[in-house]
Engineer: 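There's a structure below that I have some questions on.
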Amino acid sequence: MEKLDDFDRRIVEELQKSGRITVTDLAKKVGLSKTPCQIRMKKLEDAKYILGYRAEVDHRKLGAGHIAFVQVKLNDTRSRSLEAFNAAAREIPEIEECHMIASGFDYLLKVRTKDIGSYRRVLGEKLSEMPFVAQTSTFVCMEQVKDRPI
């Protein structure tokens, strides 16, 4: 799949809004019949434009309503060090997002925990123990205003 057309883009947009939409309803929304819509969805999945389907959850009800953003500065940024840090980040379930940043620090993490006490334990026992971590700075989220791309 080389280039997305307007139908493909609308399919992706509608699936981002509701991953559980039926193919019939999706086809109506994007202006296609069911079979061509299904074929396009399959091509989008095969080409990795669509990576999966997930449930949107209430993190507070699931015991993970506390959000902290953490700036991480490493003491070594050679490839092997970055790879080791990346691998460690993938293994810590409380890290919801991990981004390498071009700035005065190296990574920005989004960390979800139950509360500030739980975050403090994650910081001391997991984040600070990650490979090559020299320094962290935490920013506690007071209110989540928007958490979806659309």
Engineer: Under a 4.5 Å cut-off applied to non-hydrogen side-chain atoms, are Val70 and Leu127 in contact?
Structural biologist: yes
Engineer: Other than Ile67, which residues form its hydrophobic cluster under the rule that side-chain heavy atoms must be closer than 4.5 Å?
Structural biologist: Phe69, Ile101, Phe105, Leu108, Phe139
Engineer: Kindly say whether Gln71 contributes a backbone atom to a donor-acceptor pair with the side chain of Thr136 at under 3.5 angstrom?
Structural biologist: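 No, Thr136 side chain to Gln71 backbone: no donor-acceptor pair under 3.5 Å.
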Engineer: Let me check something: any side-chain donor-acceptor pairs from residues 31-39 under 3.5 Å, sequence neighbours excluded? List them with distances.
Structural biologist:
none

Engineer: Tell me which pairs pass ring pair (Phe, Tyr, Trp, His ring centres under 6.0 Å) where either residue lies in residues 24-48, with sequence neighbours left out.
Structural biologist: none
Engineer: May I have the step-by-step check of side-chain contact (heavy atoms from CB on, under 4.5 Å) for Leu4 and Leu44, ending in yes or no?
Structural biologist: CA-CA 9 Å; Leu4 299 183; Leu44 289 164; 3.5 Å; yes
Engineer: I need the Ser81 OG to Asn75 CG distance, nearest 0.5 Å.
Structural biologist: 7.5 Å
Engineer: Checking one residue: Val57. Which other hydrophobic residues are in its cluster under the side-chain 4.5 Å linking rule?
Structural biologist: Leu62
Engineer: What's the spacing between Lys114 NZ and Arg121 CZ if we round to 0.5 Å?
Structural biologist: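 Lys114 atom NZ to Arg121 atom CZ measures 8.5 Å (nearest 0.5 Å).
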Engineer: May I ask you to say whether Asp115 pairs ionically with Arg60, meaning some side-chain N is under 4.0 Å from a carboxylate O?
Structural biologist: no
Engineer: Do you know which two heavy atoms are closest between Ala68 and Tyr119, and how far apart they sit?
Structural biologist: CB-CE1, 3.8 Å
Engineer: Which heavy atom in Val30 sits nearest to a heavy atom in Ile11, and how many Å separate them?
Structural biologist: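 What the structure gives for the nearest pair is CG1-N, 3.8 Å.
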Engineer: State, yes or no, whether a side-chain contact exists between Val111 and Thr113 at a heavy-atom distance under 4.5 Å.
Structural biologist: yes
Engineer: Applying ring pair (Phe, Tyr, Trp, His ring centres under 6.0 Å), name anything that partners Tyr107, two or more places apart in sequence or on another chain.
Structural biologist: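 In terms of ring pair (Phe, Tyr, Trp, His ring centres under 6.0 Å), with neighbours along the sequence ignored, Tyr107 is linked to Phe85.
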Engineer: When clusters are formed by joining ILVMFWY residues with side-chain heavy atoms under 4.5 Å apart, either directly or through shared neighbours, do Leu51 and Met41 land in the same one?
Structural biologist: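 Each belongs to a different hydrophobic cluster.
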Engineer: Return the CD1 to CD distance between Ile21 and Gln16, rounded to the nearest 0.5 Å.
Structural biologist: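 Ile21 atom CD1 to Gln16 atom CD measures 13.0 Å (nearest 0.5 Å).
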Engineer: Which pairs with one or both residues in residues 79-101 pass salt bridge (charged side-chain N to carboxylate O under 4.0 Å, His left out), sequence neighbours excluded?
Structural biologist: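 Listed once each, the pairs are Asp76-Arg80, Glu94-Lys126, Glu96-Lys110, Glu96-Arg112.
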Engineer: Side chains of Leu82 and Leu74, heavy atoms from C-beta outward: is any pair under 4.5 Å?
Structural biologist: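 A side-chain contact exists here, since the closest heavy-atom pair is under 4.5 Å.
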Engineer: So how far is it from Ser18 OG to Glu56 CD, rounded to the nearest 0.5 Å?
Structural biologist: 10.0 Å
Engineer: Look up atom OG in Ser128 and atom CE in Met130, then write down how far apart they are to the nearest 0.5 Å.
Structural biologist: 10.0 Å
Engineer: Quick check on Asp6: does its CG atom have over 12 non-hydrogen neighbours (other residues, nucleotides or ligands) under 6.0 Å away?
Structural biologist: no
Engineer: Carefully, step by step, assess Met100 and Asp106 under the rule side-chain contact (heavy atoms from CB on, under 4.5 Å).
Structural biologist: CA-CA 6 Å; Met100 184 184 289; Asp106 300 302; 5.8 Å; no
Engineer: Check Lys17 with Glu13, please: is the shortest side-chain N to carboxylate O separation under 4.0 Å?
Structural biologist: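 Salt bridge between Glu13 and Lys17, a charged N being under 4.0 Å from a carboxylate O: yes.
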Engineer: Which heavy atom of Tyr53 sits nearest a heavy atom of Gly19, and at what distance?
Structural biologist: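 That closest heavy-atom pairing would be CD2-O, 3.8 Å.
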Engineer: Run the salt-bridge test on Arg9 and Asp5 with the 4.0 Å N-O cut-off and return the result as yes or no.
Structural biologist: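 Here Arg9 does not pair with Asp5 in a salt bridge, since their nearest N and O are not under 4.0 Å apart.
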